[in-house]
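Notes follow once the structure below has been shown.
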Amino acid sequence: MKAKLYDLMNWAQIEGIVYSEEDKPGTILGPHTVGSSTLYQAFFPDAKKVSLVLKDKQKKVAMELADEEGFFAATAAGKKSGSYSYEVVTKAGKKELRKDPYAFTAEVEQEELDRFYAGTNYGVYNIFGSHEVEINNTKGVQFTIWAPGAIRVSVIGEFNQWDGRVTPMNRVGDSEVFTLFIPGLDSTVGYQYELKARNGRISVFNDPYADREVTKERTVSKVYTGKAFAWDDEKWMADRKVNEDDFKVFAWEESKEKDAEVLAKHLKEQGFNHISLPAFYLSSNFYQMVDYFTSETEVKNFVNEMHKAGIGVLFNWNASCCRGLHKKQVSNFFISNVIYWIEEFHMDGLIFSEMESLLYLDYGKAEGQWTPNVYGGNENLDGIEFIKHTNSILSIRNQGIILLADMDAIWAKVTAPMEAGGLGFHYRYDTAFTRDLLEYLTTDPYNRSSIHEKITSRMGYAYNEKFMMAFPAKAVHDLWEKIPGNEQDKFNTIKAAFAYLSFLPGKILSGFDVPEAMEKEYAALVKKCHELNSKTDILGKEDYNDSNFSWINCFQQKECTVSFLRKDVNEEGSLLVVANFANDEKPEFMIGVPYEGKYELIFDTNETEFGGSKELSKEALYTEENGWDGYAQKINVSLSPLSVSVYRYVPFTEEEIYAIAEKKADLIREQIMAEAKEKVELLKKIRGMK
């Protein structure tokens, strides 16, 4: 090596490059001004010969081998060249022209980093990951990653033979963030990161901000394309708002109808206004830290079609993947991911699923495997703060967003406002009742009396939260084979269960998975239940008003029957709901009622329209005195096996009251006359005896 060039070498830094331990390779690699000349340095472990090609000067300069591991250097007169490349002759004899990543300055603004470290950079996915950009009129990909504890991070791929020594990334200031622009790459490239820790251990991992692609050799990350999607839902997004009075969610299973346009039409016909996507539809690899920020358009197409049809879309976000939330950078990652799905995919709601680990430090852990919080309790303070932070920022940034909690944990005020000490969700799944109901339905009707409380106990806590009762397709599918009886018994049971949920206080998340031959009738029943909920104020609008519900009788264990009232403040229009979960007919079943008047049958799961055998009677049932169930009045109803019936209360008209009074008077007169006649006959007998 020439003495002049030798003197320019920083051998300590060269050693850092050669041994892959340099965290700011841009300070040595690439062009650097030295006096009136420019020093070019490059590291090509696979090269036998390298030449510097100065395009603007139309000049080629042979580079000298400064280190036998593949470190090359050369000087050229003048300041930095605006355009140059390296001509590399590999050890295999192949000649290639390579652009130099270290000729470009890839920047990450300090303000972005400050917000990231503060946990408030909600659009951080626009900074981190891989993005196609253009620097100095040159197209390529900028890679940025947060790698705490790393002394060196490299981008690896086919473009550098997966060699982590070739393209080490530059540390941004004194942070734990590394970045590098590689010219000539585009969205077709597959890549990974290679990280070298302080202990010398080298590990390879995929980019948590990228798509993934499974190849024959390995699973790699894909560059985010950032292609614009042609949304056609401007009106929906502008008008979107939370309507808690009329919220009906269809739990979609991907195995069912996949054509979004056809599915949306079916949902509208049946009265649904929202659909929830299964968690696996978004990602089956949360624990592998991939697919968080997918750029695929399949989901966007689906959401767009739903919005055009007036159907909102909710997505499941698996919270059990959250680890290390005490670090604001980690918390920022997860919050930004939720925001990404809401904003980039126009989602209308978030279902936080498997939240238990966010709430409790000891969830799923044995004694000694967890450490109490600073107050000595088992509450996960970082997890709770993450939930509140996420819900708060989503509500601020996104009009009409709906937030649901899917959890088994015993936790108070989940649906209370944060200012009242709550977590800020709109609804909470009543998972306990779902389990109880499924257990009840799969028990033989002749044995249900022993577990009668499974269908009644929820009313002891129904108003503690804004509950949503889940009856999804998967539950129905698993249930079908377990329900006792023949096919018609199974179908009657499913219909009765859905109707029972529909008229209890609370919202429902449901789906279809009945045999194809019964889908039409089941859809008709769901539609009717939805119509009644939407058009009857004492149902949907009063779901969380504890004065709106009262049991008529919830202790008829042997009969497998329950009855309750959804009450109107003016009494008229109140609904009497009677559920018969026994597999036998009850032709004359006494029900106590609080109001004197008429009870009109408006719905029965055994109607012919719903695949049953019953025509709705147009004759109202009149109350009778000498009450029942602790009420002064009673009616005599006819219950089909495995059915739910709904009666609307209508007060007597004045004419009916007079007519009833006259009828009573006639009966009294008849009774008095009969009693008088008996007395006369008795008197005659007495006189005759004398």
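Keep in mind that this is a model prediction, so the values were computed, not measured.
- A 4.5 Å side-chain heavy-atom check between F589 and S638 finds every atom pair outside the cut-off.
- Ionic pairing of K413 and E465 is not present here: no N-O contact between side-chain nitrogen and carboxylate oxygen is shorter than 4.0 angstrom.
- Atom CD of E654 has 12 or fewer heavy atoms from other residues, nucleotides or ligands within 6.0 Å.
- Contact check for I483 versus D489: no side-chain heavy atoms found under the 4.5 Å cut-off.
- For T605 (side chain) and V644 (main-chain N/O), a donor-acceptor pair under 3.5 Å exists by modelled atom type.
- Residue E521 holds its CD atom at 9.5 Å from CD of E609, rounded to the nearest 0.5 Å.
- In terms of heavy-atom proximity, N318 sits nearest to S353 at CA-OG, 3.5 Å.
- Side-chain contact between N545 and Y463: absent, with no pair of heavy atoms (C-beta onward) separated by less than 4.5 Å.
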**OP:** Show the numbers, then the answer: is there a salt bridge (charged side-chain N to carboxylate O under 4.0 Å, His left out) between E244 and K466?
**Re:** CA-CA 10 Å; E244 296 190 37; K466 289 186 175 180; 3.0 Å; yes

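- Side-chain atoms of N316 come within 3.5 Å of backbone N or O of L277 as a donor-acceptor pair.
- Using modelled atom types, one finds a donor on one side chain and an acceptor on the other under 3.5 Å when comparing Y461 with D430.
- The closest side-chain heavy-atom distance from L565 to W551 is not below 4.5 Å.
- Within the 3.5 Å criterion, the main-chain N or O of E531 finds no donor-acceptor partner in the side chain of S534.
- No side-chain donor-acceptor contact under 3.5 Å links D568 to the backbone of G573.
- Remark: Q556 CD to N553 CG distance equals 3.5 Å, nearest 0.5 Å.
- D629 has no carboxylate O lying under 4.0 Å from a charged side-chain N of K634, or vice versa, which leaves the two without a salt bridge.
- Note: E356 CD to D362 CG = 12.0 Å, rounded to the nearest 0.5 Å.
- The ring of W370 has its center no closer than 6.0 angstrom to the ring center of Y360.
- Crowding of K528 atom NZ: a count of heavy atoms from other residues, nucleotides or ligands under 6.0 Å not exceeding 12.
- The closest donor-acceptor contact from the side chain of H426 to the backbone of I402 lies at 3.5 Å or more, if one exists at all.
- Considering only heavy atoms from C-beta on, V242 stays 4.5 Å or farther from I401 through its side chain.
- Residues S510 and F272 meet the side-chain proximity criterion, which asks for heavy atoms closer than 4.5 Å.
- Taking all atoms of both residues into account, the shortest heavy-atom contact from P445 to A582 is CB-CA, 4.4 Å.
- Taking all atoms of both residues into account, the shortest heavy-atom contact from F491 to G611 is CE2-CA, 4.5 Å.
- Side chain of Y622 to backbone of I635: no donor-acceptor contact under 3.5 angstrom is found.
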**OP:** Mind running ring pair (Phe, Tyr, Trp, His ring centres under 6.0 Å) on F564 and F549 for me, showing each step along the way?
**Re:** CA-CA 7 Å; F564 59 85; F549 175 93; 5.1 Å; yes

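- Between D584 and K586 there is a salt bridge, since a side-chain N of the basic residue sits under 4.0 Å from a carboxylate O of the acidic one.
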**OP:** Verify side-chain hydrogen bond (donor to acceptor under 3.5 Å, both in side chains) between S640 and E585, making sure each step is shown before the conclusion.
**Re:** CA-CA 5 Å; S640 301; E585 189 171 7; 5.4 Å; no

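- Heavy atoms only, all atoms of each residue included: P587 and N636 are closest at O-OD1, 4.4 Å.
- The NE2 atom of H452 sits 6.5 Å away from the SG atom of C554 when rounded to the nearest 0.5 Å.
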May I have the list of side-chain donor-acceptor pairs in residues 590-603 shorter than 3.5 Å, sequence neighbours left out?
| residue | atom | partner | partner atom | Å |
| --- | --- | --- | --- | --- |
| K598 | NZ | E656 | OE1 | 3.2 |
| K598 | NZ | E656 | OE2 | 3.0 |
| Y599 | OH | Y595 | O | 3.1 |

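- Judged purely by atom type and a 3.5 angstrom limit, T536 has no side-chain atom pairing as donor or acceptor with the backbone of N533.
- For R428 and F467, the positive end is not near the middle of the six-membered ring at less than 6.0 Å and at most 45° from its axis.
- Side-chain atoms of R566 come within 3.5 Å of backbone atoms of F503 as a donor-acceptor pair (strictly under, hydrogens ignored).
- Under the 6.0 Å cut-off for aromatic ring centres, F247 and Y427 qualify, their centroids lying closer than that.
- Using a 4.5 Å cut-off on side-chain heavy atoms (C-beta onward), F315 and I351 make no contact.
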**OP:** Please test F581 against Y500 for ring pair (Phe, Tyr, Trp, His ring centres under 6.0 Å), starting from the C-alpha separation and ending with a verdict.
**Re:** CA-CA 10 Å; F581 288 107; Y500 185 59; 5.5 Å; yes

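- D543 contributes no side-chain N or O that, together with a main-chain N or O of D245, makes up a donor-acceptor pair within less than 3.5 Å.
- For the residue pair F610 and D604, the shortest heavy atom distance occurs at CD1-O, 3.3 Å.
- Formation of a donor-acceptor pair under 3.5 Å by the H530 side chain with backbone atoms of Q270 is found in this model.
- You'll find the ring centres of F302 and W252 inside the 6.0 Å limit.
- Within 6.0 Å of the CD atom in Q369, the count of heavy atoms belonging to other residues, nucleotides or ligands exceeds 12.
- Between K454 and D436 there is a salt bridge, since a side-chain N of the basic residue sits under 4.0 Å from a carboxylate O of the acidic one.
- Looking at heavy atoms from C-beta onward, T561 lies in side-chain contact with V578 at the 4.5 angstrom threshold.
- In terms of heavy-atom proximity, G511 sits nearest to Y522 at O-CE2, 4.1 Å.
- Rounding to the nearest 0.5 Å places CD of Q557 at 9.5 Å from CD1 of I455.
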Original post:
Given T608 and K614, is the side-chain contact (heavy atoms from CB on, under 4.5 Å) satisfied, shown in steps?
Top reply: CA-CA 6 Å; T608 54; K614 190 174 187 177; 5.9 Å; no

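- Annotation: the span from I552 atom CD1 to S563 atom OG amounts to 5.5 Å, rounded to 0.5 Å.
- Seen from the ring of F386, K388 does not count as a face-on cation partner, given the 6.0 Å and 45° thresholds.
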